[in-house]
Number of protein chains: 2
Amino acid sequence: MASGDLTLSILGLLGRGPMHGYELKARIHGLSGHLRPVSDGALYPAIARLEKKGFVERHEEEGAGAARRQVLTLTEAGRRELLRRLREPADLDISDQTRFFGLLAFLSQLRDREAQARVLRRRLAFLETPASFFYEDGRPLRAEEVGDPFHRGMLVVARAISVAEREWLREAVAELESAPAGARPE
Amino acid sequence: MASGDLTLSILGLLGRGPMHGYELKARIHGLSGHLRPVSDGALYPAIARLEKKGFVERHEEEGAGAARRQVLTLTEAGRRELLRRLREPADLDISDQTRFFGLLAFLSQLRDREAQARVLRRRLAFLETPASFFYEDGRPLRAEEVGDPFHRGMLVVARAISVAEREWLREAVAELESAPAGARPE
DNA sequence: ACTAACATGTAATCTGTTACATGATTGA
DNA sequence: TCAATCATGTAACAGATTACATGTTAGT
């Protein structure tokens, strides 16, 4: 998980409801298709940082069986921060596949459909700029010009990704722009 | 660019021939489709680390016009390190799209076709394990079960990526296994 | 003379990894 | 009782970002 992602994941998951650190860890793990074990050494310091900034509150859980469970709750400031990050993502969140997916996972929490569409349009615009994987002498190579078979594979796959994602984005934007139906909270 | 990628990129580019830092920077930038400006604060320390490990040698360029240019050359140990990284990639290099592409960019330098095929087969095996984007209650959700439209988009796109990449990988593996033709150095 | 591109570096700060450390609860 | 899972943390270290700092060369 690239830098900064963890913070958004924590805010986004807590945006759905309070939970404790260990559950957060399991959910983040599930979010990524079990690819990346979230290390404790990243998670707990990240929570502590968010607490220090006043985005998260922590309460020792009483009653329930387990020991030392600390229930984490998003504060009002925390929710504002989450919405801000969803509404105005950094360029890197738009251009990087993994990070963009990290955004998508929580975008429904941004209730404003026009704001959601704006985010998708930014991604679409990025995918539509003619950027390719190999620049040589200043301009992108076309697949036929690529001798290296592995480079050719990169181009072929990158193309397919771009086509599939653009198709979905166009449908989703149209859907958001048309009806006041369909956008569900989770 | 995720951690560790920079080092592989430097080794891989220098594996093609000596160049100085500034050119390295431009080439790395081009490799990624101009997405991520490589910061000086990452590049020069990375070069220094590689030099300290004996993988790279540095020679002040004489004669040529520009000032202070330092030509970087891969040492024998450096080339062994590059080949080792290409031949035995870490799990993360296989499971992460971006990192796997970072490998592919230099895989042709690993001359052994069987070793190349082994790397592609590892990626193929990874893509064929039934991992999805959303695990809930321990098992992956299918697209129809996903209510959130953005989550559905993630699934649809992830599926398309997987299909396209697997198709290319199968072709490429077959090609590598069959003929002793075609695998070109760059 | 000025600006853009070439060229190389350092420092403060942030975030992540791995390894270490601790302890409770649950089920076999 | 023993292992697995739940649960939370710290410390050493690695690598990245941004901002700062410096100087050359080539073109207008």
Side-chain angles (χ1 to χ4, degrees), chain A residues 1-11 18-29 32 35-53 56 58-72 85 90-93 95-96 98-99 102 138, chain B residues 1-11 18-29 32 35-53 55-56 58-72 90-93 95-96 98-99 102 138:
Chain A
M1 189 165 288
S3 89
D5 265 350
L6 229 197
T7 302
L8 180 61
S9 296
I10 294 171
L11 292 173
M19 66 187 77
H20 56 274
Y22 194 80
E23 191 182 346
L24 220 35
K25 187 178 155 182
R27 301 286 215 95
I28 292 171
H29 198 205
S32 69
L35 298 189
R36 44 198 120 191
V38 185
S39 62
D40 297 339
L43 181 65
Y44 291 105
I47 292 170
R49 283 194 299 273
L50 289 172
E51 199 190 0
K52 206 168 125 196
K53 286 178 188 158
V56 162
R58 186 193 300 241
H59 302 286
E60 199 92 14
E61 194 180 45
E62 304 140 39
R68 283 212 298 154
R69 268 185 170 194
Q70 320 224 335
V71 176
L72 307 170
R85 281 171 184 251
D91 283 344
L92 185 59
D93 293 315
S95 60
D96 182 280
T98 309
R99 292 186 68 112
Chain B
M1 191 164 285
S3 88
D5 264 350
L6 229 197
T7 302
L8 180 61
S9 296
I10 294 171
L11 292 173
M19 66 188 78
H20 55 275
Y22 194 81
E23 190 181 347
L24 221 36
K25 187 177 156 183
R27 301 287 216 96
I28 292 171
H29 198 205
S32 69
L35 299 189
R36 44 201 116 196
V38 184
S39 62
D40 296 339
L43 180 65
Y44 291 104
I47 292 171
R49 282 194 300 274
L50 289 172
E51 199 190 2
K52 205 169 127 195
K53 286 178 187 158
F55 295 153
V56 162
R58 185 194 300 240
H59 302 286
E60 199 92 14
E61 195 180 44
E62 304 139 39
R68 283 213 297 155
R69 268 185 169 193
Q70 320 225 334
V71 176
L72 306 169
D91 283 344
L92 186 60
D93 292 315
S95 60
D96 183 280
T98 310
R99 292 186 68 111

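No experiment lies behind these values; they were computed from the predicted model shown. Residue numbering restarts at 1 for every chain, and letters A, B, ... go by the order of the sequence lines. Both backbone and side-chain heavy atoms feed into the values below; hydrogens, waters and symmetry mates do not.
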Taken to the nearest whole Å, CD1/B:Ile28 to P/D:dG15 is 15 Å
Do you know the tightest heavy-atom contact between A:Tyr44 and A:Tyr22? OH-N, 4.0 Å
Sorted by chain and number, sequence neighbours left out, side chain to side chain contact (heavy atoms under 4.5 Å, CB included) with A:Asp91 holds for A:Arg122
Run the side chain to side chain contact (heavy atoms under 4.5 Å, CB included) test against B:Glu51 and tell me which residues pass, sequence neighbours left out. B:Arg58
To the nearest 10°, give me the bend of the helix from C:dA1-D:dT28 to C:dA28-D:dT1, comparing the axes of its five terminal pairs at either end. 20°
Going by heavy atoms in the side chains, are A:Arg85 and A:Thr7 under 4.5 Å from each other? yes
Quickly work out the B:Glu60 CD to C:dT8 C1' distance and round it to whole Å. 10 Å
Sequence neighbours excluded, which residues qualify as ring-ring contact (aromatic ring centres under 6.0 Å, His included) partners of A:His29? A:His34
Does the side chain of B:Ile10 reach to within under 4.5 Å of the side chain of B:Leu72, using non-hydrogen atoms? no
So do A:Asp93 and A:Leu8 actually touch side chain to side chain, heavy atoms under 4.5 Å? no
Nearest-Å distance for atom pair NE2/P, residues A:His59 and D:dT8: 14 Å
Measuring from A:Arg69:CZ to A:Met19:CE, what's the distance to the nearest 0.5 Å? 11.5 Å
Of the candidates C:dT8, D:dA7, D:dA16, the side chain of A:Arg69 sits closest to D:dA7
I need the CG-P distance between A:Leu92 and C:dT15, as an integer number of Å. 14 Å
Given atom CZ of A:Arg27 and atom P of D:dA7, what is their separation to the nearest angstrom? 13 Å
Using whole Å, report how far CG of B:Asp96 lies from P of C:dG16. 15 Å
For A:Ala42, all residues meeting side chain to side chain contact (heavy atoms under 4.5 Å, CB included), sequence neighbours excluded: A:Leu6, A:Ser39
Does any residue of residues 18-26 of chain A have a heavy atom under 4.0 Å from DNA chain D, and if so, which ones, in number order? A:His20, A:Gly21, A:Tyr22
With sequence neighbours excluded, residues passing side chain to side chain contact (heavy atoms under 4.5 Å, CB included) with B:Pro45: B:Arg49
When the distance from CD of A:Gln70 to C1' of C:dG23 is rounded to whole Å, what number comes out? 14 Å
Rounded to the nearest 0.5 Å, the CZ atom of B:Arg27 sits from the CG atom of B:Leu24 at a distance of 8.5 Å
Starting at atom CG of B:Asp5, determine the distance to atom P of D:dA16, rounded to an integer number of angstrom. 8 Å
Within residues 39-52 of chain B, residues whose heavy atoms come under 4.0 Å of DNA chain D: B:Ser39, B:Gly41, B:Ala42, B:Arg49
